[in-house]
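Note sheet for the following structure.
Just so you know, these numbers use all the heavy atoms, side chains as well, and skip hydrogens, waters and symmetry mates. One-based numbering, in listed order, for ligands and for the atoms of each. Position 1 is the first residue of the sequence; numbering continues from there.
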Amino acid sequence: MPIQSGVLVISLVLMAVVAGFFISAVRASRKPDTGAPREAVRTRFIYALLAVGVIVTAVSLRPWPHAISAANGPSATVNVTGAMWYWEIDRETVPLGVPVIFNARTTDVTHGFGVMDSQDRLLFQTQAMPGYVNQVEHVFRQPGVYRIVCMEYCGIAHHAMTNEFTVAAAN
Ligand code: CUA
């Protein structure tokens, strides 16, 4: 994920810069105060920091939030409806390697829509809440059978509230 690692590097660099300022501030506080000139430097320094902060925030936050679906290219929509105690899904196969948008609904109480891979690792989840359609987007990278589970306790057969679908290359 190049964006994430880029953000990580920027965060680490900025943390190092902040740490550097802290260390120099601690060092400076040990020296005797020489008065007004240093205060002017400090004021300018704070304004400069403020400007850098505003610019960095504006530039780094502009691409967010991402659109729910890729602006172009194929995508698929899957409607899932939870009810005590089953998941209904409107397609058995979803395409590999393209954004898949899941619309999660419920006909009764709140359920937790979760999708597990073939090794029972949770890939993503969202709530299915009365009166709402919650969207979650995922790009499947591995073909195979995926399992839908319920992530929110919803009664006696909560644990049995499962279903599955297949991920396969689109043709
Ligand atoms: Cu539905 Cu737990």
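- The backbone N or O of N79 sits less than 3.5 Å from a side-chain atom of D90, completing a donor-acceptor pair.
- Hydrophobic clustering places V109 together with W85 (ILVMFWY residues linked when any side-chain heavy atoms are closer than 4.5 Å, directly or through intermediates).
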Pair up each side-chain donor or acceptor in residues 153-165 with any protein partner under 3.5 Å, not counting sequence neighbours, and list the distances.
from, atom 1, to, atom 2, distance (Å)
Y153, OH, G155, O, 3.3
H158, ND1, E152, O, 3.0
N163, ND2, W87, O, 2.7

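- Each protein N/O/S atom under 2.8 Å from atom 2 (Cu) of ligand 1 was counted, for a total of 4.
- No hydrogens or angles considered: nothing links the side chains of Q127 and N134 as a donor-acceptor pair under 3.5 Å.
- Annotation: ring-ring contact (aromatic ring centres under 6.0 Å, His included) contacts of Y86 (sequence neighbours excluded): none.
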Show me, pair by pair, the donor-acceptor contacts under 3.5 angstrom made by side chains of residues 112-119, not counting sequence neighbours?
from, atom 1, to, atom 2, distance (Å)
D117, OD1, Q119, N, 2.9
D117, OD1, D120, N, 3.1
D117, OD1, R121, N, 2.9
D117, OD2, R121, NE, 2.9
D117, OD2, R121, NH2, 3.0
Q119, OE1, R121, NH2, 2.7

